[in-house]
Number of protein chains: 2
Amino acid sequence: MNQPTPFPGDVTTGRRGSRAALSGAAAKRVERPAPLRQAVYEALIDLIVNRTLQPGQHLVEVELAEYLGVSRQPVREALQRLQTEGWVDLRPAQGAFVHMPTEEEADQLLSVRAVLETHSARLAAERAEEADVDHLWELQARGQAAVEVNDIDGVVAANAALHAFVTKLSGNTVLAEMIGMVDRRVRWYYTPIAGRRGADSWIEHADLIRAISAKDVELAGTIMTQHTDRTRQAYHDRPRGDRA
Amino acid sequence: MNQPTPFPGDVTTGRRGSRAALSGAAAKRVERPAPLRQAVYEALIDLIVNRTLQPGQHLVEVELAEYLGVSRQPVREALQRLQTEGWVDLRPAQGAFVHMPTEEEADQLLSVRAVLETHSARLAAERAEEADVDHLWELQARGQAAVEVNDIDGVVAANAALHAFVTKLSGNTVLAEMIGMVDRRVRWYYTPIAGRRGADSWIEHADLIRAISAKDVELAGTIMTQHTDRTRQAYHDRPRGDRA
DNA sequence: CACCTGAACTTTGCATACAACAACCTGTAT
DNA sequence: ATACAGGTTGTTGTATGCAAAGTTCAGGTG
């Protein structure tokens, strides 16, 4: 693999390069049909999260390909992405293995998530408008209702929606993306206890919304820190059988 | 793409699967030769960082492949990874474009980095041993020396080394990985002003090390926050010509 | 002259093919 | 019986081929 030569297509490579470069973000955002690899990527995450593919399991490309009805190619490309997001480990010349979450790693993830969510709560408190607060209360009510009828899935969904909305309110898309990724992994690690600490959680949410509504940045941050730390505690205190 | 069928290779797929799954992390870590795609991946980051491939430029797979002396395949796989790490944008049916950093995004990245680094500083203060502190002082001295002889590259390198070591001290590898990724992107975004605010920066570093040495978690966090915020300011205050 | 239309060309996305490598298994020697 | 060697099988890594989608440009039309 050489290196010195000054890449041929330098500044204005071909016709697309120049045009696309200049138009930049303003380029027409036509909805294109998602490539197959995208579907494969999503399907694999699903298979991993719902434990069809178990931690440590060796993923043989042709098997996945046949199972999903595609060729190895899109599978390989999806696996690349899955690796950088921490779902699988790619061992050279050996292939992909579903990532094995350790106690330690799960805790580190929760720790990072706590910090990121706290930051997002502070930013949200700075920027939230009245309409946003209204929407937050709406989500809160939905979660509360789900708790009362013991609808676990509903609780989890509402919880995710609320956190996602706070994240969105932060206005920091980079932060939002990171939280999204960390969140999915965290949820995978301790799926079993999701929704366990239902009621308390929603009282804390109400406090958080009040803080955001009052634009009290410090308070919002503090509440979120406590909130996420408690989830972390719930993870540590969970019964042995629930552990990954 | 079907979905219902219970993935065939279920628990113990093939011979490798079972063994590797059970042995887990204890598996022999033989050094395998890195695949080509790895080299391609690194080469591309390099080409992007050093501006051979300019932001917004359309990356044609065959051109990259020929340039690097490989086929399209490894290039495509490398591009997948580069996308999830934010170096390129993959538009369906149109290909890869070098990511175009906006003012806003750069700021958001700096904001996230500040939070992550602060967290890492706090953790480092909790865990640092004497030997670690010694090493920190050594790195500090190296940076200080580089500042005095106006060795920009030396300053940048020492700076990176110091931050990396603090990150390592935090003991949170998930956090470390994230910081690493964010850091590389940040550095790319504002390469031009790297090393600009040399001297001040190193005074702040000394304060940080003292706080870590004293195991003063709060102080270490505060100093790191201020430190990173100042870099952020430097970014905003930089002369117009330096902007991306 | 601006705008639309369609054909030529380019590039991606996916599938297939093949070589290199790793794990496994069998048979033999000790 | 155990340890080792060599063949065998299975899987990955890379290259190539082909169809579909996208872009450009020429020429016609209002």
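Each chain gets a letter, A, B and so on, in the order the sequences are listed, and its residues count up from 1.
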Roughly, in whole Å, what's the span from [atom1] in [X] to [atom2] in [N]?
X       : N      : atom1 : atom2 : answer
A:Leu59 : D:dG13 : CG    : P     : 13 Å
B:Glu77 : C:dG13 : CD    : C1'   : 13 Å
A:Arg37 : C:dA15 : CZ    : C1'   : 15 Å
A:Gln83 : D:dG13 : CD    : P     : 10 Å
A:Glu66 : D:dT11 : CD    : C1'   : 13 Å
B:Phe97 : D:dG22 : CZ    : P     : 12 Å
A:Gln80 : D:dT12 : CD    : C1'   : 12 Å
A:Leu36 : D:dA19 : CG    : P     : 17 Å

Quiz item: From the list C:dC14, D:dG13, D:dT11, which nucleotide is the closest neighbour of the side chain of A:Val60?
Solution: D:dT11
Self-check item: Flag side-chain contact, heavy atom, 4.5 Å: B:Leu169 against B:Arg127
Solution: no
Exercise. Looking at every strand, decide which applies to A:Arg72 at a 4.0 Å heavy-atom threshold: base, sugar-phosphate, or nothing.
Key: base
Practice problem: Under 4.0 Å between any heavy atoms, over every strand shown, what does B:Arg76 touch: base, sugar-phosphate, or nothing? Just pick one. | Solution: base
Self-check item: Short side-chain N/O contact to C:dC21 OP1/OP2 from A:Gln94, under 4.0 Å
Solution: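 The answer is no; no side-chain N or O of A:Gln94 sits under 4.0 Å from OP1 or OP2.
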Quiz item: So, is B:His58 near the phosphate of D:dT23, with a side-chain N or O under 4.0 Å from OP1 or OP2?
Solution: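 The answer is no; no side-chain N or O of B:His58 sits under 4.0 Å from OP1 or OP2.
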Quiz item: About how many Å separate CZ of B:Arg91 and NE2 of B:His58, when rounded to the nearest 0.5 Å?
Solution: 8.0 Å
Quiz item: Below 4.0 angstrom, N of the basic side chain to O of the carboxylate: do A:Glu138 and A:Arg142 qualify?
Solution: yes
Quiz prompt | 5' precedence on DNA chain D between B:Ser71 and A:Val62 (nearest-nucleotide basis) | solution = A:Val62
Practice problem: Determine whether the side chains of A:Thr52 and A:Asn50 contain a donor N or O and an acceptor N or O closer than 3.5 Å. | Solution: yes
Quiz item: Using the ring of each side chain (for Trp, its six-membered ring), is B:His99 parallel, tilted or perpendicular to B:Tyr189, with breaks at 30° and 60°?
Solution: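 Plane angle under 30°, so parallel.
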